Amino acid sequence: IGLSGEKMHSCKDIGLKENRVKLCKRDEVKLGCPVSCGLCCEDDDMFFFPLQNGKVKGCSWIGAKEKKERYCKMITNGKSIGSACPLTCGNCFE
């Protein structure tokens, strides 16, 4: 998404940026990247990530606050857990 005079951003980039809230206030960003902006707010039931002990877990496992703080900002296989699990991680805007 080209933002007037700024460099191009992909939806993936927008979802990972610290200023996601600011970027997603722009209509062209919200329309172009509804998932990254938290408008389509469902956890991905097909998303799983590995733990250090080799076990594989999904969004529902993150439930507790301590786990959210630890895992929701992590990136695995090129995707942030917070963008794959927006409902669980509290990344929904509406």
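Keep in mind that the numbers below use all heavy atoms, side chains included, and drop hydrogens, waters and symmetry copies. Start at 1 with the first residue, then count along the sequence. Note that the coordinates shown come from a computational prediction; the quantities given were computed from them, not determined experimentally.
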Checklist entry - Looking only at heavy atoms, what is the nearest atom pair of Cys11 and Gly32, with distance? => result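 Looking at all heavy atoms of both residues, the closest pair is SG-O, 3.3 Å.
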Next on the checklist: Ignoring hydrogens, what is the shortest heavy-atom contact between Pro86 and Ser83? Give both atom names and the distance.
Outcome noted: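 So the minimum-distance heavy-atom pair works out to CD-O, 3.4 Å.
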Going from [atom1] on [X] to [atom2] on [Y], what distance comes out if it is rounded to the nearest 0.5 angstrom?
X	Y	atom1	atom2	value
Cys33	Leu23	SG	CG	9.5 Å
Phe49	Lys79	CZ	NZ	12.5 Å
Phe47	Ser80	CZ	OG	7.5 Å

Report the residues that fulfil side chain to side chain contact (heavy atoms under 4.5 Å, CB included) with [X], sequence neighbours left out, ordered by chain and then residue number.
X	result
Asn77	none
Lys22	Asn19
Pro50	Thr76

Checklist entry - Which pairs with one or both residues in residues 19-45 pass ring-ring contact (aromatic ring centres under 6.0 Å, His included), sequence neighbours excluded? => result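 Checked against ring-ring contact (aromatic ring centres under 6.0 Å, His included) - neighbours excluded - no pair reaches residues 19-45.
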Checklist outcome for this item: Applied to residues 18-38, the ring-ring contact (aromatic ring centres under 6.0 Å, His included) test, sequence neighbours excluded, yields none
Checklist entry - Should the SG of Cys72 and the SG of Cys85 be checked, would they turn out to be under 2.5 Å apart? => result no
Next on the checklist: Which Ile, Leu, Val, Met, Phe, Trp or Tyr residues join Val56 in one cluster when any pair of side-chain heavy atoms under 4.5 Å counts as a link?
Outcome noted: Phe48
Item to check | Residues which pass salt bridge (charged side-chain N to carboxylate O under 4.0 Å, His left out) with Asp43, listed by chain and number, not counting sequence neighbours | outcome: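 Not a single residue meets the salt bridge (charged side-chain N to carboxylate O under 4.0 Å, His left out) criterion with Asp43.
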Next on the checklist: According to salt bridge (charged side-chain N to carboxylate O under 4.0 Å, His left out), who are the partners of Asp27, at least two apart in sequence or on a separate chain?
Outcome noted: Lys30
Item to check | Hydrophobic cluster membership, Ile81 vs Leu51, 4.5 Å side-chain cutoff | outcome: yes
Donor-acceptor pairs under 3.5 angstrom involving side-chain atoms of residues 59-69: please list them, not counting sequence neighbours.
| unit_1 | atom_1 | unit_2 | atom_2 | d |
| --- | --- | --- | --- | --- |
| Lys67 | NZ | Trp61 | O | 3.3 |
| Lys68 | NZ | Thr88 | O | 3.3 |

